[in-house]
Amino acid sequence: NEMFGLTMVFIGAILWSTLSLFVKIVNIDAYLFTALRYVIASVFLMPFAFKGGIPFNRDMVMFVISYVLLGITLVFSIMYTANAIAIGMQFTAPLWVFVYDYCRGQRLAKKNLLPLAMILIGLLIFMLTPGKDVTWYGNLLALFSGILFGLLTIFSARVQTDNPIGITGIANLVGAVAMLACYFALGGSLASFDNIDAWQWAGVLFIGIFQTAGGFTLFNIGLKYAYTQKASVIST
């Protein structure tokens, strides 16, 4: 069961990795792009939510909040710091998972200390790398996105449900509403939709269905079977 879970996490991470390629292909407003990927993912996944098994408790609420805030902070961190830092800092998540487990009194296996040390070294490299448009508050936003990714991992594993597809759909629905609100609040308009050509729509559909819906669904399925520390390191 654990190997099945880690395999799901691994495949989900591969699907996530297609984001950077399709961002360049699509090349539309970052807020609109993020909102559309959430909308498409939620439309694709929400039918599973009606099958039941959705617990409305604190863990579920924290899972949805961390999922939505992760998407928003990633967009803002990309705006205010280098892309490599904004994206790379997400993968400090294993560090925060380890810290969470340690604070709850769980023993840290010695074999996990090496990957944890490598993550810390990577964190320092990302933070100290000079580059264009790097700001300290952009770096802090990027760091916060890593903490949120860690929280997402923790609370996804804590949500007791046999319907991980459904909870992923609900998280994407809330994310779609939040990102559309940000888009229109910051001056976006419906006219921008007319400027998206067929190839861009194809890219957005791929990201919404496979990268977002597929990647996070497999990740959440995997966390039902795999230990969070291992899953977090594998996804990184």
Side-chain angles (χ1 to χ4, degrees), residues 8-9 11-13 15-16 18-19 22-23 26 28-78 90 93 144-145 147-190 192-193 196 200-224 235:
M8 294 298 99
V9 169
I11 297 174
L15 291 175
W16 286 341
T18 60
L19 178 63
F22 279 87
V23 164
V26 174
I28 62 176
D29 177 82
Y31 293 99
L32 180 58
F33 177 81
T34 305
L36 287 176
R37 63 189 277 241
Y38 279 153
V39 169
I40 293 168
S42 62
V43 169
F44 189 72
L45 295 174
M46 275 305 291
F48 295 94
F50 297 107
K51 293 185 177 181
I54 307 297
F56 291 97
N57 53 29
R58 183 184 63 179
D59 291 336
M60 179 64 185
V61 171
M62 290 301 298
F63 165 72
V64 172
I65 290 174
S66 58
Y67 185 90
V68 174
L69 290 180
L70 173 61
I72 295 174
T73 54
L74 179 59
V75 172
F76 277 93
S77 63
I78 288 174
Q90 281 189 87
F144 187 47
S145 73
I147 296 172
L148 287 168
F149 195 6
L151 290 174
L152 174 67
T153 302
I154 291 164
F155 285 104
S156 174
R158 284 172 60 95
V159 175
Q160 298 298 315
T161 178
D162 293 324
N163 189 5
I165 305 177
I167 67 170
T168 310
I170 291 175
N172 276 285
L173 179 62
V174 177
V177 173
M179 286 308 302
L180 284 172
C182 288
Y183 172 68
F184 288 115
L186 294 171
S189 68
L190 291 175
S192 300
F193 289 82
I196 304 176
Q200 289 175 318
W201 275 116
V204 171
L205 284 171
F206 179 91
I207 287 298
I209 295 173
F210 294 97
Q211 191 273 342
T212 305
F216 278 100
T217 296
L218 292 176
F219 182 70
N220 289 332
I221 291 173
L223 286 172
K224 302 305 167 189
S235 67

- line: One should read off an interatomic distance between Thr168 OG1 and Phe219 CZ, to the nearest 0.5 angstrom, of 10.5 Å
task: State whether the side chain of Thr217 and the backbone N or O of Gly214 hold a donor-acceptor pair below 3.5 Å, judged by distance alone.
output: no
- prompt: Do Leu32 and Phe193 have side chains that get closer than 4.5 Å, going by heavy atoms?
  reply: yes
- prompt: How far does OG1 of Thr161 sit from CG of Asp59, to the nearest 0.5 angstrom?
  reply: 12.0 Å
Smallest separation among heavy atoms of Gly150 and Ala93, with atom names: N-CB, 3.6 Å
task: Please assess Ile40 against Thr212 for the test side chain to side chain contact (heavy atoms under 4.5 Å, CB included), listing each intermediate value before the final yes or no.
output: CA-CA 9 Å; Ile40 293 168; Thr212 305; over 6 Å; no
field: Closest contact, heavy atoms only, Thr18 versus Ile207
entry: O-CD1, 4.1 Å
- prompt: Judged by atom type as modelled, is there a donor-acceptor pair below 3.5 Å linking the side chain of Lys224 to the main-chain atoms of Asn163?
  reply: no
query: Can you name the closest pair of heavy atoms from Ala49 and Ile54 and give their distance?
result: O-CG1, 3.8 Å
- prompt: Could you go step by step and tell me if Tyr38 and Tyr67 meet the ring pair (Phe, Tyr, Trp, His ring centres under 6.0 Å) rule?
  reply: CA-CA 11 Å; Tyr38 279 153; Tyr67 185 90; 5.6 Å; yes
- prompt: Could you walk me through whether Ile196 and Leu36 pass the side chain to side chain contact (heavy atoms under 4.5 Å, CB included) check?
  reply: CA-CA 12 Å; Ile196 304 176; Leu36 287 176; 4.0 Å; yes
query: To the nearest 0.5 Å, how far apart are CG in Leu218 and CG in Leu223?
result: 11.0 Å
query: With no hydrogens and no angle check, do the side chains of Ser192 and Tyr183 hold a donor and an acceptor under 3.5 Å apart?
result: yes
query: Heavy atoms, side chains only, cut-off 4.5 Å: are Met60 and Ile170 in contact?
result: yes
- request: Could you walk me through whether Ile154 and Phe63 pass side chain to side chain contact (heavy atoms under 4.5 Å, CB included), step by step?
  value: CA-CA 8 Å; Ile154 291 164; Phe63 165 72; over 6 Å; no
task: Determine whether Phe184 and Leu190 make a side-chain contact, defined as any pair of heavy atoms from C-beta on separated by less than 4.5 Å.
output: yes
message: Please give me the minimum heavy-atom distance between Leu70 and Thr73, naming the atom from each residue.
response: O-OG1, 3.2 Å
message: Give me the atom names and distance for the closest heavy-atom approach of Tyr31 to Cys182.
response: CD2-CB, 4.4 Å
- line: The residue among Val68, Ile167, Leu45 that forms side chain to side chain contact (heavy atoms under 4.5 Å, CB included) with Asn172 is Leu45
query: Which class fits the ring pair Trp16 and Phe149: parallel under 30°, tilted 30 to 60°, perpendicular over 60°?
result: perpendicular
Residue pair Gln200 / Val26: nearest heavy atoms and the distance that separates them: NE2-O, 2.6 Å
query: Sub-3.5 Å donor-acceptor pair from the side chain of Ser156 to the main-chain atoms of Thr153, do we have one?
result: no
message: Please identify which of these residues, Leu148, Val64, Ile147, meets the side chain to side chain contact (heavy atoms under 4.5 Å, CB included) condition with Leu69.
response: Leu148
Backbone N/O of Val9 and side chain of Ser235: donor-acceptor pair under 3.5 Å: no
message: Counting neighbours of CZ on Phe155 that are heavy atoms of other residues, nucleotides or ligands and sit closer than 6.0 Å, is the number greater than 12?
response: yes
